[in-house]
Amino acid sequence: VYVSWYDPVGGANMALNAPNVTVPLLWISGDRDSGQRFIQPVLLRLPKHELTRHAIVKGGTHLGTPAASRGIVLPWLKELAKAD
């Protein structure tokens, strides 16, 4: 699985697979997460959905972003539940 991250046509290629997303997506990026530097091509390829969101948390590192995003996830889930 690890090697698939580096396979240009592999299952972990997010830009390649983004058009296949069929549900609303909440993507939270940390502004200090170097893994997020290539996010724009992925976001641009996601199908449009009114509930899809991209949020950036200040000070978010790769490991710290989940804890820093608590205030973003719950409101989005509530918004998602209202749409159902």
Side-chain angles (χ1 to χ4, degrees):
V1 172
Y2 176 78
V3 175
S4 70
W5 284 99
Y6 301 100
D7 181 355
V9 294
N13 182 322
M14 292 184 283
L16 181 66
N17 290 300
N20 300 324
V21 174
T22 60
V23 296
L25 178 71
L26 173 62
W27 191 308
I28 303 174
S29 301
D31 67 349
R32 292 179 44 211
D33 180 356
S34 62
Q36 297 296 313
R37 66 183 176 265
F38 301 114
I39 190 68
Q40 281 307 318
V42 178
L43 294 174
L44 291 172
R45 298 197 63 185
L46 285 172
K48 300 295 180 215
H49 192 288
E50 65 185 36
L51 294 172
T52 291
R53 304 280 185 270
H54 176 232
I56 300 172
V57 292
K58 288 192 175 264
T61 62
H62 189 69
L63 296 177
T65 297
S69 65
R70 283 181 271 186
I72 298 168
V73 175
L74 189 56
W76 182 78
L77 288 173
K78 289 179 179 179
E79 184 181 6
L80 196 61
K82 283 183 195 176
D84 233 2

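Computed from a prediction, not measured in an experiment: that's the story for all the values here.
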Heavy atoms from other residues, nucleotides or ligands near CZ of Arg53 exceed 12 (cutoff 6.0 Å): yes
NE2/His62: more than 12 non-hydrogen atoms of other groups inside 6.0 Å: no
Rounded distance (nearest 0.5 Å) linking atom CG of Asp33 with atom CD1 of Ile56: 11.0 Å
Atom pair CE (Met14) and CG (Leu43), whose distance is rounded to the nearest 0.5 Å: 9.5 Å
Nonpolar side-chain network containing [X], other nodes, edges under 4.5 Å:
X: Val57; answer: Leu26, Ile28, Leu51, Ile72, Val73, Trp76, Leu77, Leu80
X: Leu16; answer: Val9
X: Leu44; answer: none

Counterpart residues, salt bridge (Lys or Arg N to Asp or Glu O under 4.0 Å), relative to Arg45 (two or more places apart): none
Closest contact, heavy atoms only, Thr52 versus Leu46: CG2-CD1, 4.3 Å
Donor-acceptor under 3.5 Å (Asn17 side chain, Gly11 main chain): yes
List the atom pairs, with distances to 0.1 Å, where a side-chain N or O of residues 35-42 and a protein N or O form a donor-acceptor pair under 3.5 Å, not counting sequence neighbours.
unit_1	atom_1	unit_2	atom_2	d
Gln36	OE1	Trp27	NE1	3.0
Gln36	OE1	Ser29	OG	2.7
Arg37	NH1	Ser34	O	2.7

Partners meeting side chain to side chain contact (heavy atoms under 4.5 Å, CB included) with Ser4 (sequence neighbours left out): Val1, Ala12
